[in-house]
Colleague: 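Got a structure for you, written out below as structure tokens; questions coming shortly.
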Amino acid sequence: MLNKRKILLGVTGGIAAYKTPELVRLLRKAGAEVQVICTPSALQFVTLHTLTVVSERPALVDFFDEESGNWNHHVEMGLWADAMVIAPCGSNTLGKMAQGLCDNLLLTTFLSARCPVWVAPAMDLDMYKQSAVRENLTLLESRDVRVIDAEEGPLASGLEGKGRMAEPENIVTVLSEFFNPPYSQWNNKKVLVTAGPTYEHIDPVRFIGNHSTGAMGIEIAERLEELGASVHLVLGPTHLSPNERIEVSKVTTAEEMFEVCKRHFPNYDGGIFSAAVADYKPKNASNQKIKKTESDLNIDLVPNKDILRELSLSKRDNQFTVGFALETEDAEGNALKKLKNKNLDAIVLNTVGETTGFKSATNKVKIFDKKGRRFDSELKSKTEIAFDIIQTLDEWGIPK
Ligand code: CTP
């Protein structure tokens, strides 16, 4: 559910802090890595020791660790996290967050965080109703801080009402649903993705390759995973790599890519094949480095297996395949031919141009499906294009 997500848990002073070791335990159980940061007053309600043991990471309160000499760097932690949750969040911290004050490690980390932030307020019912508190919450919400509303029930004061910190299980559910939206058809689907170039050996030091970096396929893999899919990326030689939540098989040649895909595809709901696979390989790769001579050099090439076509022709009814095309002439006509010849559910046509393609950070695509539907994207970042692709497929009933 929270497979390897990096969560910063901020704990402020309040009786509900006694529930935070349980919250950490549930987050860990869901697969998250948890870094706890306490405000000094939180330590009147819970110990650093307990939080360190349950999170399996030193829980922090100070900027500087006198014993180890370590500087607990708020900027690094802010960049590290996939999500930050402040629970319980008392009215003092809430007010400081709203004002941008930062007189402790938790607040400075909050200001440095680039990830989504949640607060789970906890205070007495009359405090929670106070207009200052309400206004601070509204202000923070207008700045994209998400509020996990306090729950009703008996309070530490002996009064009864709204002000209890949301139960740890409910906080974990909020985070899990954020990372695995239950409404996406990709949720819980198993998807094979190919990306990157392939290198076909000529001799031990030379190869036939292409300029693909695998960036588009990596973006697709990461966005699918964010929607709850479990993704296996078969990645050709590239300096890029996806986040650690994606299972990766690294390959070099088209033949290796084919073998890995053939082995895994039957266990998947389908595949998105974005790799720029070499169509040909040298007939006889030399074991020794080919020496220069005065005469011409001819290298015989033989075709590689078409991975996408082979798998698509033998796919089950409940499996899908999506291919990519890059064309320099009659682009749409050729893409539609590939859609049919390779028995695809849909094909993504890349645009050839200065702001698109292999080395560019942006891309522009057209998507066609076998029922005759089409989608034309704008020029966007590859991250946004990846979203467009998987959202369009989702709308068209792919995956099945
Ligand atoms: N593909 C593949 N295995 C190959 C060649 C291509 O899986 N040996 C896949 C690519 O990942 C892509 C699609 O097929 O999804 C289209 O590849 P492309 O090279 O554009 O088409 P080809 O069928 O190879 O035709 P051509 O090179 O003549 O355009």
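Numbering of ligands and ligand atoms starts at 1, following listing order.
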Colleague: Quick one: ligand 1 N/O to protein N/O pairs below 3.5 Å?
Modeller:
unit_1, atom_1, unit_2, atom_2, d
ligand 1, 3 (N), I307, N, 3.0
ligand 1, 7 (O), L308, N, 2.9
ligand 1, 8 (N), K305, O, 2.9
ligand 1, 11 (O), F273, O, 3.4
ligand 1, 11 (O), A275, O, 2.6
ligand 1, 14 (O), K342, NZ, 2.8
ligand 1, 15 (O), F273, O, 2.6
ligand 1, 15 (O), F324, N, 2.8
ligand 1, 15 (O), F324, O, 3.3
ligand 1, 20 (O), K338, NZ, 2.9
ligand 1, 21 (O), K338, NZ, 2.9
ligand 1, 23 (O), K342, NZ, 2.8
ligand 1, 24 (O), D279, OD1, 2.9
ligand 1, 24 (O), D279, OD2, 3.2
ligand 1, 27 (O), D279, OD2, 2.8
ligand 1, 29 (O), K338, NZ, 2.8

Colleague: Using a 4.5 Å cut-off on heavy atoms from C-beta on, say whether the side chain of C38 contacts that of L48.
Modeller: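 In short, these two side chains touch, coming nearer than 4.5 Å.
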Colleague: Before we go on, tell me: are the rings of W118 and F178 under 6.0 Å apart, centre to centre?
Modeller: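 Yes.
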Colleague: Are any of the side-chain nitrogens in K370 or D345 under 4.0 Å away from the carboxylate oxygens of its partner?
Modeller: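 A salt bridge is present here (some side-chain N lies under 4.0 Å from a carboxylate O).
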Colleague: Is the count of non-hydrogen atoms from other residues, nucleotides or ligands lying under 6.0 Å from F63 atom CZ greater than 12?
Modeller: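 Yes, because the 6.0 Å sphere around CZ of F63 holds more than 12 heavy atoms from other groups.
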Colleague: I want to check a possible cation-pi pair here: K162 against Y128, using under 6.0 Å from ring centre and within 45° of the ring axis as the test.
Modeller: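 Output no; distance or angle outside limits.
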Colleague: I'd like to know if E225 pairs up with R245 as an ion pair, taking the criterion as any Lys NZ or Arg NE/NH1/NH2 lying under 4.0 Å from an Asp or Glu carboxylate oxygen.
Modeller: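 Here E225 pairs with R245 in a salt bridge, since their nearest N and O are under 4.0 Å apart.
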